[in-house]
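None of these values were measured; they are calculated from a predicted model. So that the names make sense, note that chain A is the first sequence line, chain B the second, and so on, each numbered from 1.
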Amino acid sequence: MATEQNKLPAIISHCKEYGFIFPSSDIYDGLSAVYDYGQWGVELKKNIKDTWWKSMVYMHENIVGLDSAIFMHPTIWKASGHVDNFSDPMIDNLDSKKRYRVDHLIEGFAEQLAANSEEASKAILVSMDQLLSNDDFAGLKQLIIDHKIKCPISGTCNWTDVRQFNLMFSTQLGSVADDSDTIYLRPETAQGIFVNFLNVQKSGRMKIPFGIAQIGKAFRNEIVARGFIFRMREFEQMEMQFFVRPGTQKEWYESWKTTRMQWHLDLGIPAEKYRFHDHVKLAHYADAACDIEYDFPMGFKEVEGIHSRTDFDLTQHQLYSKKKQVYFDNDIDETTGKPYGNYVPYVIETSIGLDRTILLVLSEAYTEEDLSTPEKQDSRVVLKFPNKLAPIKLAILPLMKKDGLSEIAKELMNECRESFFCFYEEKDSIGKRYRRMDALGTPFCVTIDHQTKEDGTVTIRYRDSMEQERINMSDVRNKVMEALK
RNA sequence: GCGGAAGUCGUAUAGUGGUAAUACCUCAGCCUUCCAAGCUGAUGCCGACAGUUCGAUUCUGUUCUUCCGCUCCA
């Protein structure tokens, strides 16, 4: 039996054995923190995407979709701050083995110093900023040594050299390798939305407030990528950027917090498995930010971020592209009696990690049940997915592979396969086939037996309760369809 | 990246200086038929590369990968 401690390894094994998730490049010993989705994993992933897309795009008249390219103009990442802010110089203390961001370390020291001397404190920060903007790593180390800045843990000044870790993957566009051809694989999908803001707004005749939703891959060269599919170097995001009138961002931020949490709860996951975590230290672009955290097998971790990004991104792109990123608001401002006029919209971002959501759903669904009776030991592993997320919706099982039962089963198969994903199986005992479907999380199994030939009824068996009932074969399709709503 | 632990069929585990075992899974067949573990048979593993050795899966080194911590994030 898997305990909370070894639940994650149990899930990882189960995912591999039953075709959900394989390590990437498995026959070559894998590739660190990269995974492939197998035949059932890809269905699960698709179903989660569909659920999100439907809730965002289909259910909101003022939200539309987008699929922007992974390659983008390199200046976009200068404008967004990724070139400067996501390439932080780091330093390690050799005694405590702790790693620090150089700016955090020096800022912390300056803060302490400020208690005695405001001036000395400011002086350090000024020289730090200068060194940082010149990428002078040797100078930064010298600054740390000159001021005898110690590691808070070990209390020593035994430092490594300052090194840089760039979170963005770079590659070359075009056949001639040249600095000017260096482009990045996007570290977030958001910028693709921002640079298409006016395209979508104008061509879609969108009126503020409105949103643009996008699902796509993003890439981050994490220093430490760990935790199965929780933190991968290549991952998929489901993002929605919601453009609002300046001054209304607070209420929209709150509103999207509620809406997004409700989406999670609508998956049937209990509220106590979730919590909000408000950011105290805000990113350079935000005026409010929080995470939705889920209680993973390894503890509460972030699944989704909701950020009030202000007008930072559009203003930056306006600056770097020299193209106005403004919206003309015809609505009447009651205080002036005139239209609101031109402004750069504020943005509320909801950004959920698709792979993390998959791990969330798997963690919630994975169940080991002890079915032992005094006569017999018995257990099963069952994935209790919400019906709409299950890779296979219906298994169609002839009780025996003779007496024409297979033919009837295939008729039913053909009737249902257009409406939802079905799985046909005639091998092994019926009990074994039920259990195999439990392991894949199939919510419904239908068995065709001799009685079917007489009165057209079949047995439908429910995954979670293991209960069975007799229904008309002609009702099967509708019954499953009903359960998928 | 640093520290600690570990890599044996698809999964989970044995074991040995003379190239390997068990269970489940999978496959072929038999039997049975509404909840896995009945019978017969089959496929499939010592992460990789070096070194020591007559001989290495076992000892040593390197490397790769994974797990547990530290930092960043979706």
Side-chain angles (χ1 to χ4, degrees), chain A residues 5-6 8-10 12-19 22-34 38 85-86 88 90-101 104 153 160 163 165 167 187-190 217-232 235-239 279 283 291-293 298 301-307 349-357 359 371 376-381 397-403 405 427-439 445-451 458-461 463 466-468 470:
Chain A
Q5 282 71 42
N6 62 19
L8 186 59
I12 294 171
S13 299
H14 189 86
C15 281
K16 183 170 183 190
E17 184 160 12
Y18 286 93
F22 309 120
S24 161
S25 319
D26 204 10
I27 62 170
Y28 288 97
D29 268 344
L31 184 63
S32 182
V34 187
N85 288 294
F86 283 84
D88 305 308
M90 312 279 257
I91 193 164
D92 295 343
N93 184 274
L94 291 166
D95 298 312
S96 65
K97 307 293 182 196
K98 291 273 181 182
R99 165 167 297 165
Y100 299 91
R101 269 175 59 170
H104 287 177
I153 306 291
T160 62
R163 285 176 294 181
F165 295 92
L167 245 57
E188 63 173 23
T189 52
K217 289 268 174 106
F219 305 84
R220 287 185 199 173
N221 202 2
E222 301 284 349
I223 300 163
V224 178
R226 287 268 174 77
F228 193 36
I229 56 171
F230 185 79
R231 185 178 289 106
M232 296 196 290
F235 61 103
E236 201 153 355
Q237 293 182 306
M238 303 191 286
E239 288 201 320
H279 287 204
D291 301 329
I292 294 176
E293 296 185 336
M298 61 277 192
K301 302 269 186 188
E302 175 185 1
V303 194
E304 173 156 9
I306 297 153
H307 294 191
E349 165 187 279
T350 74
S351 174
I352 177 166
L354 174 53
D355 309 279
R356 286 182 180 187
T357 307
L359 184 58
L371 305 172
K376 185 178 156 200
Q377 271 218 328
D378 197 2
S379 66
R380 68 166 182 163
V381 174
L397 317 167
L399 190 60
M400 284 179 279
K401 46 182 156 177
K402 52 185 180 187
D403 301 336
L405 300 183
K427 227 184 93 57
D428 292 318
S429 74
I430 190 67
K432 202 164 197 169
R433 282 179 275 169
Y434 284 156
R435 297 301 172 82
R436 199 146 48 205
M437 285 301 112
D438 289 341
C445 294
V446 157
T447 302
I448 286 84
D449 59 12
H450 290 98
Q451 198 185 328
V458 295
T459 305
I460 186 162
R461 181 261 193 188
R463 179 194 64 201
M466 298 172 73
E467 280 168 6
Q468 329 191 115
R470 201 86 202 169

* Ignoring hydrogens and angles, answer whether the base of B:C73 and the side-chain atoms of A:Arg356 contain a donor-acceptor pair closer than 3.5 Å. => yes
**Message:** Is there a side-chain contact between A:Arg436 and the phosphate of B:C25, meaning an N or O under 4.0 Å from OP1 or OP2?
**Reply:** no
Q) Taking the same atom, C1', in B:U60 and in B:C27, what whole-Å distance lies between them? A) 41 Å
If you look at every strand shown and take non-hydrogen atoms under 4.0 Å, does A:Met238 touch a base, only sugar-phosphate, or nothing?
-> nothing
Answer yes or no: is there an ion pair linking A:Asp428 with A:Arg435, defined by an N-O contact shorter than 4.0 Å? no
Side-chain contact check for A:Met400: nearest option of B:C34, B:A74, B:U33 is B:U33
| said: Work out how far the C1' atom of B:C67 is from that of B:G51, and round it to whole angstrom. | reply: 29 Å
Under a 3.5 Å distance rule, please check whether A:Arg356 uses its side chain to pair with a backbone N or O of A:Glu304 as donor and acceptor. no
Taking B:C34, B:U26, B:C27 as options, the one with an atom nearest any side-chain atom of A:Ile430 is B:C34
Taken in chain and number order and not counting sequence neighbours, the residues that satisfy side chain to side chain donor-acceptor pair (under 3.5 Å) with A:Glu293 are A:Arg275
* Taking only N and O in the side chain of A:Lys16, is any of them less than 4.0 Å away from OP1 or OP2 of B:G10? -> no
Of the candidates B:C34, B:C72, B:C25, the side chain of A:Tyr434 sits closest to B:C34
Those stems involving RNA chain B that have three or more consecutive Watson-Crick or G-U pairs, both distances under 3.5 Å, are B:1-7 with B:64-70, B:10-13 with B:21-24, B:26-30 with B:38-42, B:47-51 with B:59-63
- Query: Just checking A:Ser13: base, sugar-phosphate only, or nothing, at a heavy-atom cut-off of under 4.0 Å?
  - Reply: sugar-phosphate
(message) Please give the distance between the C1' atoms of B:A14 and B:G7 as a whole number of Å.
(response) 15 Å
Original post:
Looking only at atom C1', what distance separates B:C25 and B:A36, rounded to whole Å?
Top reply: 11 Å
